[in-house]
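Residues take their numbers from the sequence shown, with the count starting at 1.
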Amino acid sequence: MTSGWAQDDMDGMRAALAEAEAAASEGEVPVGAVVVVNGEIIATGRNCSVGKCDPSGHAEIVALRAAGANSANYRLPNATLYVTLEPCVMCTGAIVQSRIKRVVFGAYDKKAGALGSVEDLSESRALNHRFEINGGVLADECSGILQEFFAARR
(Lines give C-alpha, C1' and ligand atoms only; values in the text may rest on other atoms or scores of the structure.)
Protein backbone atom coordinates (compact mmCIF):
# COMPACT_ATOMS: atom_id res chain seq x y z
CA MET A 1 0.00 0.00 0.00
CA THR A 2 1.09 3.51 -0.83
CA SER A 3 -0.68 6.54 0.65
CA GLY A 4 -3.48 4.24 1.83
CA TRP A 5 -4.28 2.91 -1.65
CA ALA A 6 -3.56 -0.59 -2.92
CA GLN A 7 -0.87 -0.86 -5.59
CA ASP A 8 -3.43 -2.35 -8.01
CA ASP A 9 -5.58 0.76 -7.60
CA MET A 10 -2.62 3.05 -8.21
CA ASP A 11 -1.68 1.05 -11.33
CA GLY A 12 -5.26 1.09 -12.63
CA MET A 13 -5.51 4.83 -12.14
CA ARG A 14 -2.17 5.42 -13.85
CA ALA A 15 -3.48 3.51 -16.86
CA ALA A 16 -6.61 5.68 -16.82
CA LEU A 17 -4.40 8.79 -16.59
CA ALA A 18 -2.56 7.67 -19.72
CA GLU A 19 -5.92 7.57 -21.50
CA ALA A 20 -6.74 11.05 -20.15
CA GLU A 21 -3.45 12.38 -21.52
CA ALA A 22 -4.25 10.88 -24.92
CA ALA A 23 -7.67 12.56 -24.83
CA ALA A 24 -6.04 15.92 -24.08
CA SER A 25 -3.66 15.51 -27.00
CA GLU A 26 -6.73 15.03 -29.22
CA GLY A 27 -8.36 18.22 -27.91
CA GLU A 28 -10.86 16.33 -25.77
CA VAL A 29 -11.56 16.98 -22.09
CA PRO A 30 -8.87 14.80 -20.47
CA VAL A 31 -10.78 12.00 -18.81
CA GLY A 32 -9.63 8.41 -19.13
CA ALA A 33 -10.95 5.03 -18.00
CA VAL A 34 -9.91 1.40 -17.92
CA VAL A 35 -11.82 -1.76 -17.06
CA VAL A 36 -9.91 -4.42 -15.13
CA VAL A 37 -10.85 -8.05 -14.49
CA ASN A 38 -8.59 -10.34 -12.44
CA GLY A 39 -5.79 -7.80 -12.52
CA GLU A 40 -5.83 -7.47 -16.31
CA ILE A 41 -6.97 -4.46 -18.32
CA ILE A 42 -9.66 -5.72 -20.70
CA ALA A 43 -10.68 -2.34 -22.11
CA THR A 44 -9.71 1.32 -22.21
CA GLY A 45 -11.58 4.48 -23.00
CA ARG A 46 -11.13 8.23 -23.17
CA ASN A 47 -13.41 11.14 -23.82
CA CYS A 48 -14.29 11.49 -27.50
CA SER A 49 -17.45 13.60 -27.45
CA VAL A 50 -15.96 16.49 -29.43
CA GLY A 51 -14.22 14.48 -32.15
CA LYS A 52 -17.10 12.07 -32.68
CA CYS A 53 -19.89 14.63 -32.12
CA ASP A 54 -21.27 12.17 -29.58
CA PRO A 55 -22.74 13.39 -26.29
CA SER A 56 -22.33 9.87 -24.88
CA GLY A 57 -18.62 9.78 -25.72
CA HIS A 58 -17.51 9.84 -22.09
CA ALA A 59 -14.48 7.78 -21.12
CA GLU A 60 -16.51 5.45 -18.90
CA ILE A 61 -19.03 4.60 -21.60
CA VAL A 62 -16.32 4.09 -24.22
CA ALA A 63 -14.48 1.72 -21.86
CA LEU A 64 -17.65 -0.15 -20.86
CA ARG A 65 -18.64 -0.65 -24.50
CA ALA A 66 -15.19 -2.02 -25.30
CA ALA A 67 -15.23 -4.27 -22.22
CA GLY A 68 -18.62 -5.68 -23.20
CA ALA A 69 -17.39 -6.36 -26.74
CA ASN A 70 -14.12 -7.90 -25.51
CA SER A 71 -15.90 -10.18 -23.05
CA ALA A 72 -18.87 -10.89 -25.35
CA ASN A 73 -21.21 -9.89 -22.52
CA TYR A 74 -22.88 -6.65 -21.55
CA ARG A 75 -22.67 -7.66 -17.89
CA LEU A 76 -19.32 -7.16 -16.16
CA PRO A 77 -19.94 -8.46 -12.61
CA ASN A 78 -16.28 -9.11 -11.75
CA ALA A 79 -14.89 -5.89 -13.20
CA THR A 80 -13.43 -2.75 -11.68
CA LEU A 81 -13.79 0.52 -13.57
CA TYR A 82 -10.99 3.03 -13.01
CA VAL A 83 -11.78 6.56 -14.16
CA THR A 84 -9.90 9.80 -13.63
CA LEU A 85 -13.02 11.87 -12.85
CA GLU A 86 -16.07 11.03 -10.73
CA PRO A 87 -18.77 9.66 -13.07
CA CYS A 88 -21.75 11.81 -14.07
CA VAL A 89 -25.41 10.73 -14.01
CA MET A 90 -25.26 9.27 -17.54
CA CYS A 91 -22.14 7.26 -16.81
CA THR A 92 -23.48 6.05 -13.48
CA GLY A 93 -26.50 4.68 -15.34
CA ALA A 94 -24.19 2.77 -17.68
CA ILE A 95 -22.23 1.46 -14.70
CA VAL A 96 -25.43 0.15 -13.13
CA GLN A 97 -26.54 -1.50 -16.39
CA SER A 98 -23.15 -3.20 -16.81
CA ARG A 99 -23.28 -4.57 -13.25
CA ILE A 100 -19.74 -3.40 -12.53
CA LYS A 101 -18.50 -4.65 -9.17
CA ARG A 102 -16.39 -1.65 -8.23
CA VAL A 103 -15.71 1.92 -9.35
CA VAL A 104 -12.46 3.68 -8.48
CA PHE A 105 -12.17 7.33 -9.46
CA GLY A 106 -9.56 10.01 -9.07
CA ALA A 107 -10.83 13.59 -8.97
CA TYR A 108 -14.13 14.54 -7.42
CA ASP A 109 -16.47 16.46 -9.75
CA LYS A 110 -18.12 19.22 -7.74
CA LYS A 111 -20.25 20.26 -10.75
CA ALA A 112 -21.57 16.97 -12.11
CA GLY A 113 -20.35 14.10 -9.92
CA ALA A 114 -23.03 11.48 -9.34
CA LEU A 115 -21.21 9.26 -6.83
CA GLY A 116 -21.12 11.64 -3.92
CA SER A 117 -20.19 15.18 -4.97
CA VAL A 118 -23.46 16.55 -6.38
CA GLU A 119 -25.64 13.46 -6.15
CA ASP A 120 -25.04 9.99 -4.79
CA LEU A 121 -26.87 7.70 -7.15
CA SER A 122 -25.21 4.69 -5.56
CA GLU A 123 -27.70 5.16 -2.74
CA SER A 124 -30.76 5.53 -4.97
CA ARG A 125 -33.52 3.03 -4.30
CA ALA A 126 -34.55 3.46 -7.95
CA LEU A 127 -31.43 1.60 -9.10
CA ASN A 128 -31.34 -2.18 -8.91
CA HIS A 129 -27.57 -2.69 -8.62
CA ARG A 130 -25.08 -1.71 -5.94
CA PHE A 131 -21.34 -1.43 -6.42
CA GLU A 132 -18.34 -0.51 -4.33
CA ILE A 133 -17.02 3.04 -4.73
CA ASN A 134 -13.55 4.35 -3.92
CA GLY A 135 -12.85 7.99 -4.74
CA GLY A 136 -9.73 10.10 -4.55
CA VAL A 137 -7.10 7.72 -5.95
CA LEU A 138 -4.29 9.91 -7.35
CA ALA A 139 -6.73 12.81 -7.03
CA ASP A 140 -4.06 15.50 -7.38
CA GLU A 141 -2.78 14.07 -10.66
CA CYS A 142 -6.30 13.52 -11.99
CA SER A 143 -7.49 17.03 -11.14
CA GLY A 144 -4.18 18.52 -12.29
CA ILE A 145 -4.53 17.31 -15.86
CA LEU A 146 -8.03 18.80 -16.00
CA GLN A 147 -6.88 22.12 -14.54
CA GLU A 148 -3.99 22.36 -17.01
CA PHE A 149 -6.29 21.57 -19.93
CA PHE A 150 -8.85 24.24 -19.03
CA ALA A 151 -6.19 26.83 -18.09
CA ALA A 152 -4.71 26.44 -21.59
CA ARG A 153 -8.17 27.08 -23.08
CA ARG A 154 -8.61 30.42 -21.27
Side-chain angles (χ1 to χ4, degrees), residues 1-26 28-49 51-52 54 56-109 112-117 119-124 127-149:
M1 296 265 257
T2 305
S3 303
W5 298 108
Q7 189 62 48
D8 288 349
D9 290 340
M10 306 273 284
D11 293 344
M13 193 57 66
R14 284 190 185 99
L17 274 164
E19 290 297 315
E21 290 168 3
S25 73
E26 296 168 356
E28 299 282 350
V29 174
V31 177
V34 298
V35 178
V36 174
V37 175
N38 296 325
E40 181 181 334
I41 294 173
I42 65 164
T44 64
R46 59 181 169 258
N47 275 8
C48 62
S49 294
K52 293 191 175 181
D54 180 1
S56 70
H58 290 200
E60 301 95 311
I61 291 178
V62 173
L64 290 172
R65 285 178 177 154
N70 290 343
S71 63
N73 194 339
Y74 71 108
R75 302 286 197 211
L76 304 163
N78 297 312
T80 297
L81 172 68
Y82 292 91
V83 60
T84 58
L85 183 64
E86 180 182 357
C88 69
V89 171
M90 175 180 67
C91 293
T92 299
I95 290 164
V96 168
Q97 293 303 313
S98 70
R99 302 302 193 260
I100 284 282
K101 180 178 184 177
R102 184 169 174 245
V103 174
V104 179
F105 66 85
Y108 286 85
D109 187 346
L115 293 181
S117 290
E119 295 287 338
D120 190 354
L121 294 181
S122 69
E123 297 296 323
S124 174
L127 301 178
N128 62 349
H129 174 67
R130 300 285 177 261
F131 49 92
E132 182 182 336
I133 303 165
N134 299 106
V137 177
L138 299 179
D140 291 342
E141 292 92 328
C142 292
S143 62
I145 191 171
L146 287 161
Q147 290 168 351
E148 288 173 19
F149 178 81

Item to check | Closest contact, heavy atoms only, G12 versus V34 | outcome: O-CG2, 3.6 Å
Checklist entry - Of all residues at least two apart in sequence or in a different chain, which pass the side-chain hydrogen bond (donor to acceptor under 3.5 Å, both in side chains) check with D9? => result Y82, R102
Checklist entry - Which atom names give the shortest non-hydrogen contact between S49 and E28, and what distance separates them? => result N-OE1, 3.3 Å
Checklist entry - For residues 83-100, which residue pairs qualify under side chain to side chain donor-acceptor pair (under 3.5 Å), counting only residues two or more places apart or in two chains? => result E86-S117
Next on the checklist: Tell me the closest heavy-atom pair linking A24 and P30, and the distance in Å.
Outcome noted: CB-CB, 3.8 Å
Checklist outcome for this item: Residue pairs passing the salt bridge (Lys or Arg N to Asp or Glu O under 4.0 Å) test with at least one member in residues 30-46, sequence neighbours excluded, are E19-R46, E26-R46
Next on the checklist: Would you compute the distance between atom OG1 of T44 and atom CG of N70 and round it to the nearest 0.5 angstrom?
Outcome noted: 9.0 Å
Next on the checklist: Quick one, R130 with S122, criterion side-chain contact (heavy atoms from CB on, under 4.5 Å). Give me CA distance, side-chain angles, the key distance, then yes/no.
Outcome noted: CA-CA 6 Å; R130 300 285 177 261; S122 69; 5.9 Å; no
Checklist entry - Looking at S56 and M90, what are the two nearest heavy atoms and their distance? => result CA-CE, 3.8 Å
Item to check | Check: A59 main-chain N/O paired with N47 side-chain donor or acceptor under 3.5 Å | outcome: yes
Item to check | Heavy-atom closest pair, residues A23 and V31 | outcome: CB-O, 4.2 Å
Next on the checklist: Taking atom CD as the centre, does E119 end up with more than 12 heavy-atom neighbours from other residues, nucleotides or ligands that are less than 6.0 angstrom away?
Outcome noted: no
Checklist entry - Side chain of D109, backbone of L85: donor and acceptor closer than 3.5 Å? => result no
Checklist entry - Short question: side chain of E60, backbone of A33 - any donor-acceptor pair under 3.5 Å? => result no
Item to check | Step-by-step side-chain contact (heavy atoms from CB on, under 4.5 Å) determination, L115 to F131 | outcome: CA-CA 11 Å; L115 293 181; F131 49 92; 3.8 Å; yes
Checklist entry - Given L127 and L121, is the side-chain contact (heavy atoms from CB on, under 4.5 Å) satisfied, shown in steps? => result CA-CA 8 Å; L127 301 178; L121 294 181; 4.1 Å; yes
Item to check | Distance in Å, T80 OG1 paired with N38 CG, rounded so as to fall on 0.5 Å steps | outcome: 9.5 Å
Checklist entry - Closest heavy-atom contact between R14 and L138? => result CG-CD1, 3.8 Å
Next on the checklist: What verdict does the side-chain contact (heavy atoms from CB on, under 4.5 Å) test give for N134 and W5, after you've listed the backbone C-alpha separation in whole Å, the side-chain angles of each residue and the deciding distance to 0.1 Å?
Outcome noted: CA-CA 10 Å; N134 299 106; W5 298 108; 4.0 Å; yes
Checklist entry - Hey, is the main chain of I95 close enough, under 3.5 Å, to the side chain of H129 for a donor-acceptor pair? => result no
Checklist entry - If you measure from CG on L76 to CG on L81, what distance do you get to the nearest 0.5 Å? => result 9.5 Å
